[in-house]
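Keep in mind that what you see is a predicted model, and the values were worked out from it rather than measured.
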There are 2 protein chains.
Amino acid sequence: MNTASDRAYAEIRSLILSGDASPGTALREEALADIVGVSRTPVREALKRLEAEHYAIRTPGGRLVVAALDVDDITEIFTLRAMLEGHAAARAARRLGAAALADLRASNAALTDAVARDEPDVAQFLARNRAFHDVIIAAAASPRLVSMLASLVEQPIVRRTAIHYARADLERSAHEHDLLIQAFAARDPEWARSVMAAHIHRALHAFRAAMPSAQP
Amino acid sequence: MNTASDRAYAEIRSLILSGDASPGTALREEALADIVGVSRTPVREALKRLEAEHYAIRTPGGRLVVAALDVDDITEIFTLRAMLEGHAAARAARRLGAAALADLRASNAALTDAVARDEPDVAQFLARNRAFHDVIIAAAASPRLVSMLASLVEQPIVRRTAIHYARADLERSAHEHDLLIQAFAARDPEWARSVMAAHIHRALHAFRAAMPSAQP
DNA sequence: CACGCCGCTCTTGTATACAAATTATCAGGC
DNA sequence: GCCTGATAATTTGTATACAAGAGCGGCGTG
């Protein structure tokens, strides 16, 4: 969107995701308003949304601070994603059209390409991965599922940790995407669901292996 | 909360839930501000939240109208609830303490009582049912799960349709709650999950049988 | 008579001003 | 020296004022 409220949301969230505003940092409305270049009103709306999405937590006195994600939080996020996105995949298997299927193939071809280079292009990988998953979620045609996943998918974890992924993990992702495409082509909901769930659970463990006990 | 924003939220939502503001009705900020007796600012925050929870949808031009729930929406809500609340039950099975278990028994005793009367006390049934489910969700100790379910559980459907439930359905609910308590007492996550999922799926079908093709 | 254009009104989006509440500061006493 | 309490300074919550844009109606024209 082009509204000041949405710009504030995007900018503040990116402060959090980039680590520029580390966990525990106070999110003061006026200071953020100065940073974004808008008034407090749209900043307040952005903060309410970030709070609802668990990017920030409110202190007893009503102040907001950037939320800290411990290992339990990350496990929770991935577990819910596995369940919900598995469900999305199952629904998508019944609904995906030829065009969307072609999109998936294209996304994953580009993703595979990004991984195959001498130095894997992580940014490209993430963008294509995101596009791939978004096609599936959209195909599920379930508005509540979309908004629930929106607050889980676009998470710090992904961009923070993909850097630490070994090439083997990236390749595995590409391969699992291929399996998903097969399940979709076969229009088999339960196959798609289990491949997706396995895909996300594996990502969780790859993450935990890479970052045993950090608190991003 | 005691804040004007929360009062506005509660009041506007109850307008929607009661059917006083029927689907398609425009939600104009100033009119609602007059009704609630606050200014537009807290009303705006309330409306943003209601929009995020799918109680209202935004027209291309930025206006808000009360959302219409068709049968697909209701099926979606119950399906997601079955999945998420099943997950909550599984987690709760590992975590529920003796006190919480006693709470569940007490809630369900009262619920059973409300059903057993000559004229079943539906309001009492709903209150106790809600309390029962809330204990389980809280015991799951998963903040994201809590907020996801919050936007699904407190739904029009429950209070609108329970009135049409036959006594047999209410009794079945009470019985299924007993089964859940057994699963919790046995600390068996998968038993609890499947009983909860079955419980909610049955509720969906009881609903669909009672209201074949309405658009509340 | 139908269609499209223009202008007005109404509604939302943003900024600012004010009130209430919370936290920090500092003085005093134990 | 440390805790306690009052007071001052931030910070959030709410109200209002202003600006921009959407929708509506009336008018003219083909």
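When each of A:Val38 and A:Gly61 is assigned the nucleotide of DNA chain C with its nearest heavy atom, A:Val38 is the one assigned upstream, toward the 5' end. Comparing A:Gly62 and A:Pro42, the nucleotide of DNA chain C nearest to each residue sits closer to the 5' end for A:Pro42.
Listed pair A:Arg63 / D:dT11 fails the phosphate criterion, with no side-chain N or O lying under 4.0 Å from OP1 or OP2.
Using a 4.0 Å cut-off between a side-chain N of Lys or Arg and a carboxylate O of Asp or Glu, B:Glu45 and B:Arg49 do not qualify as a salt bridge. The pair B:Arg144-A:Glu76 meets the salt-bridge criterion, with a side-chain N (NZ, NE, NH1 or NH2) lying under 4.0 Å from an Asp/Glu carboxylate O.
Residues forming a side-chain contact (heavy atoms from CB on, under 4.5 Å) with B:Leu15 (at least two apart in sequence, or on another chain): B:Asp20, B:Ala21, B:Leu32.
Donor-acceptor pairing under 3.5 Å is recorded for the side chains of A:Ser147 and B:His54.
Crowding of B:Arg187 atom CZ: a count of heavy atoms from other residues, nucleotides or ligands under 6.0 Å exceeding 12.
Contact record, A:Ile12 with A:Ala46: CD1-CB, 4.3 Å, taken as the closest heavy-atom pair.
Counting to the nearest Å, the C1' atom of D:dT10 and the CZ atom of A:Arg28 are 8 Å from each other.
You can see that DNA chain C meets the heavy atoms of chain B within a 4.0 Å-exclusive cut from C:dT11 to C:dT14, reading 5' to 3'.
Within the 4.0 angstrom heavy-atom criterion, no nucleotide atom of any strand lies near A:Leu64.
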